[in-house]
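The next block holds one structure in the form of structure tokens; read it before the comments.
Each chain gets a letter, A, B and so on, in the order its sequence line appears, and its residues count up from 1. Just so it is clear, the model here is predicted, and its values are computed rather than measured.
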Protein chains: 2
Amino acid sequence: MADTGLAEVHVKCSSCPIRHRAVCSRCEQDELDVLDRIKYYRDFTPGQTIVWAGDEMDFVASVVTGIATLSHTMEDGRRQMVGLLLPSDFLGRPGRETAPYDVVATSKITLCCFRKGPFEELLRSTPSINQRLLEMTLDELDAAREWMLILGRKTAREKIASLLAIIGRRDASLNMSTADGRLVFDLPLTREAMADYLGLTLETVSRQISALKRDGVIQIEGNRHVTVPDFQRLIEETGDDTDGGLIA
Amino acid sequence: MADTGLAEVHVKCSSCPIRHRAVCSRCEQDELDVLDRIKYYRDFTPGQTIVWAGDEMDFVASVVTGIATLSHTMEDGRRQMVGLLLPSDFLGRPGRETAPYDVVATSKITLCCFRKGPFEELLRSTPSINQRLLEMTLDELDAAREWMLILGRKTAREKIASLLAIIGRRDASLNMSTADGRLVFDLPLTREAMADYLGLTLETVSRQISALKRDGVIQIEGNRHVTVPDFQRLIEETGDDTDGGLIA
DNA sequence: GATCATCCTTGATCGAAATCAAACCGAGGA
DNA sequence: TCCTCGGTTTGATTTCGATCAAGGATGATC
């Protein structure tokens with residue numbers, strides 16, 4: 001078992017509450033042993049609902065690869081996305097029985113799951129995981145509050161620019177990007193999902209993206225592939241304080 | 001010192017990460033001793049800014065009495081409230097140097113503060129506090145996501161009804177309320193603050209409150225004092241799933 | 001009790017985004 | 001090749017809430 005499992009898990013230690021052997025050299029061996037016994041993997045296909053709001057949820061999980069969304073749906077069909085899960089993000093809440101939102105895969109996705117009971121046991125016995133989880137939750141809270149500003153006070157154009165900046169920034173730290181302020185990435189969301197994220201209609205999303213393209217803020221090939229020639233310019237369009245280096 | 005401090009702190013143990021002697025019979029004595037040494041109280045007057053966004057913040061705190069708000073402000077003055085601190089709520093983030101939002105007292109308020117260094121030390125040595133803090137942060141995250149739905153997808157009328165329901169519900173568990181579905185409470189916020197909370201203008205807030213009054217959903221005396229004759233009716237106006245018993 | 005400053009309400013008008021409607025595009029599949 | 005279908009774009013029109021603009025209530029201070 002020693003080092004052969006290295007390729008098995010692709011989660012970075014710095015952003016996962018669970019210390020996977022593959023990437024974390026500081027892991028205590030016994031902790032890993034416990035985790036190995038209770039963890040299992042699940043795959044989902046694009047569009048598949050992972051958990052329905054209100055359903056019992058007997059596991060927590062960490063995203064290994066792929067993207068999922070959390071969203072509220074009102075009875076009349078209005079939908080608001082309230083979270084975006086990228087690789088290394090954590091899903092589920094220790095000490096809660098039922099899921100408060102729908103969780104939907106927007107791409108092929110692999111989750112590393114832990115049964116809730118054993119995981120909570122582990123939480124109790126391993127303060128470091130608790131601490132890690134607290135940090136991650138605080139980060140999520142900050143992100144949520146950032147979104148509240150976007151949802152409550154920004155114009156449609158600013159909303160789109162903000163979303164592009166966030167996705168671009170997040171991708172930049174992990175994926176491709178060229179130096180010199182140029183940035184290239186693929187949108188992980190449909191126009192409709194973007195609309196659900198931003199509290200807009202998909203028509204408005206489309207129009208604003210066209211407008212940003214027309215104004216030279218971005219370039220797009222084939223619906224998803226985005227090039228940002230000048231990231232600073234994009235940041236200016238968000239309405240935020242002009243602080244934004246590529247990687248915050 | 002033994003029991004004479006009982007009236008000193010009014011925070012309920014069930015919702016405070018710190019176990020105050022006054023209300024918590026399960027406190028371990030030594031933990032209290034440490035806390036007693038590092039805690040201190042600060043009072044603020046209505047309208048006073050407790051922390052400016054970007055300022056260094058060398059303490060964390062728990063609200064003892066009064067109300068404060070967290071808000072983002074954009075350069076052009078647009079403002080979005082992102083949090084409402086009521087008694088027993090926690091303020092500040094362990095492991096962060098500067099405040100990300102303005103914190104403003106909306107009433108006379110008393111904070112129970114802890115210097116950050118010693119508090120973080122305590123966090124490291126006392127897992128139970130970590131755990132408590134995690135729970136509270138997860139609750140806040142849920143609340144933030146609830147707000148995202150309100151901000152992104154609800155109409156002005158639904159927003160107002162939602163805010164009234166939230167304040168009413170929160171008050172109901174602590175303060176006055178009559179059984180039989182009738183509910184009476186005082187708004188802790190000005191129209192402008194409500195607008196900042198809901199992503200509206202104060203004029204729209206005023207108009208929608210008038211409309212709810214005209215339609216008999218609420219009654220109001222003197223700007224602040226609200227009576228909800230039928231809480232269920234108010235819930236229906238929020239657009240949410242019609243689950244809402246008085247106390248969730 | 002008059003003055004003043006906040007906070008609140010109401011009216012008229014405007015505008016950004018929603019809604020309604022149609023067409024476009026690329027990828028499979030028959 | 002043509003057809004279908006999901007995702008997308010674009011246009012015309014409507015609507016809800018913002019904005020602009022007066023006034024009215026309430027409470028503190030002198």
Side-chain angles (χ1 to χ4, degrees), chain A residues 45-48 69 74 76-80 104 106-107 150-163 186-215 218-226 237 239, chain B residues 45-48 74 76-80 104-108 150-164 186-215 218-226 237 239:
Chain A
T45 56
Q48 199 178 356
T69 63
M74 297 170 69
D76 60 6
R78 281 177 282 174
R79 200 149 14 106
Q80 176 64 50
V104 181
T106 61
S107 72
I150 291 172
L151 289 170
R153 294 301 187 193
K154 291 194 179 180
T155 64
R157 172 182 262 245
E158 289 170 339
K159 284 179 176 183
I160 297 291
S162 299
L163 180 57
D186 283 315
L187 285 174
L189 301 172
T190 65
R191 300 291 185 268
E192 189 181 22
M194 294 175 71
D196 284 343
Y197 210 141
L198 298 170
L200 298 171
T201 60
L202 70 92
E203 292 96 327
T204 297
V205 170
S206 179
R207 270 185 253 272
Q208 295 301 332
I209 287 180
S210 297
L212 289 174
K213 189 166 59 179
R214 173 166 33 73
D215 299 345
I218 58 173
Q219 289 145 25
I220 299 203
E221 297 177 71
N223 286 346
R224 296 293 189 96
H225 192 71
V226 178
E237 293 285 349
Chain B
T45 55
Q48 199 176 358
M74 297 170 70
D76 60 5
R78 282 177 281 175
R79 198 150 14 110
Q80 177 63 50
V104 180
T106 61
S107 72
K108 202 168 160 315
I150 291 173
L151 288 170
R153 293 302 188 192
K154 291 194 178 181
T155 65
R157 172 183 263 242
E158 288 170 339
K159 284 180 176 182
I160 296 291
S162 298
L163 180 56
L164 292 174
D186 282 315
L187 285 174
L189 302 173
T190 65
R191 300 290 185 268
E192 188 180 24
M194 293 174 71
D196 284 341
Y197 210 139
L198 298 170
L200 297 171
T201 58
L202 69 91
E203 293 96 326
T204 298
V205 169
S206 180
R207 271 187 253 273
Q208 294 301 332
I209 287 180
S210 297
L212 288 174
K213 190 165 60 178
R214 172 165 35 72
D215 298 345
I218 57 172
Q219 290 143 25
I220 298 202
E221 297 176 70
N223 287 344
R224 296 294 189 98
H225 192 71
V226 177
E237 293 285 351

[N] [atom2] sits how many Å from [X] [atom1], rounded?
| X | N | atom1 | atom2 | answer |
| --- | --- | --- | --- | --- |
| A/E221 | C/dG26 | CD | P | 12 Å |
| A/R191 | C/dC25 | CZ | P | 15 Å |
| B/K154 | C/dA18 | NZ | C1' | 19 Å |
| A/L198 | C/dA16 | CG | C1' | 16 Å |
| B/L189 | C/dC8 | CG | C1' | 15 Å |
| A/I160 | C/dA17 | CD1 | P | 10 Å |
| A/I150 | C/dA17 | CD1 | P | 14 Å |
| B/M194 | C/dC8 | CE | P | 9 Å |

Using five base pairs at each end, measure the axis-to-axis angle across the helix from C/dG1-D/dC30 to C/dA30-D/dT1 and round it to 10 degrees.
->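 One end axis against the other gives 30°.
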Sequence neighbours excluded, which residues qualify as side-chain hydrogen bond (donor to acceptor under 3.5 Å, both in side chains) partners of [X]?
| X | value |
| --- | --- |
| A/S162 | A/K154 |
| A/Q219 | none |
| B/R78 | A/E158, B/D76 |
| B/T204 | B/T201 |

A/D186 vs A/V226, side-chain contact (heavy atoms from CB on, under 4.5 Å): CA-CA, chis, key distance, verdict = CA-CA 6 Å; A/D186 283 315; A/V226 178; over 6 Å; no
Counting any heavy atom closer than 4.0 Å, what does [X] reach on the DNA or RNA strands: base, sugar-phosphate only, or nothing?
| X | result |
| --- | --- |
| B/G199 | sugar-phosphate |
| A/R78 | nothing |
| B/T190 | sugar-phosphate |

Output all residues satisfying side-chain contact (heavy atoms from CB on, under 4.5 Å) with A/R207, sequence neighbours left out; order by chain, then residue number.
->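 Once residues adjacent in sequence are excluded, the partners of A/R207 under the side-chain contact (heavy atoms from CB on, under 4.5 Å) criterion are A/E203.
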Counting distance only, does the side-chain N/O of B/S206 pair as donor-acceptor with the main-chain N or O of B/L202 below 3.5 Å?
->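 No: the side chain of B/S206 does not pair with the backbone of B/L202.
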A/Q208 side-chain N/O to A/V205 backbone N/O, donor-acceptor pair under 3.5 Å |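 Side chain of A/Q208 to backbone of A/V205, a donor-acceptor pair under 3.5 Å: no, none is there.
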Write down the atom of B/G47, the atom of B/V104, and the distance for their closest heavy-atom approach.
->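 The pair with the smallest heavy-atom distance is O-CG1, 3.9 Å.
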Identify the heavy atoms of B/I220 and B/R191 that sit nearest to each other, and give their distance.
->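 The pair with the smallest heavy-atom distance is CD1-NH2, 4.5 Å.
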When rounded to the nearest 0.5 angstrom, what is the spacing between CD1 in A/I160 and CD1 in A/I218?
->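 If I round to the nearest 0.5 Å, the distance is 8.5 Å.
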How many angstroms lie between CG in B/N223 and OG1 in B/T190, if you round to the nearest 0.5 Å?
->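 Taking CG in B/N223 and OG1 in B/T190, the distance rounds to 10.5 Å.
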Residues that A/E237 engages under salt bridge (Lys or Arg N to Asp or Glu O under 4.0 Å), provided they are two or more places apart =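 Only A/R157, A/R233 meet the salt bridge (Lys or Arg N to Asp or Glu O under 4.0 Å) criterion with A/E237.
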With the criterion being N/O to N/O and under 3.5 Å, what pairs connect the protein with nucleotides 3-5 of chain C, and how long is each?
none

Show every donor-acceptor pair shorter than 3.5 Å between a side-chain atom in residues 192-199 of chain A and any protein atom, with sequence neighbours excluded, or say none if there are none.
from   : atom 1 : to     : atom 2 : distance (Å)
A/D196 : OD1    : B/R153 : NH2    : 3.2
A/D196 : OD2    : A/R79  : NH1    : 3.0
A/Y197 : OH     : A/W147 : NE1    : 2.7

For DNA chain D, which residues in residues 202-209 of chain A have a heavy atom at a distance below 4.0 Å?
->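 The stretch gives A/L202, A/E203, A/S206, A/R207 as the residues lying under 4.0 Å from the strand, ordered by number.
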Going 5' to 3' on DNA chain D, which nucleotide is the first and which the last to come under 4.0 Å of a heavy atom in chain A?
->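 On DNA chain D, the outermost contacted nucleotides are D/dT8 to D/dA12.
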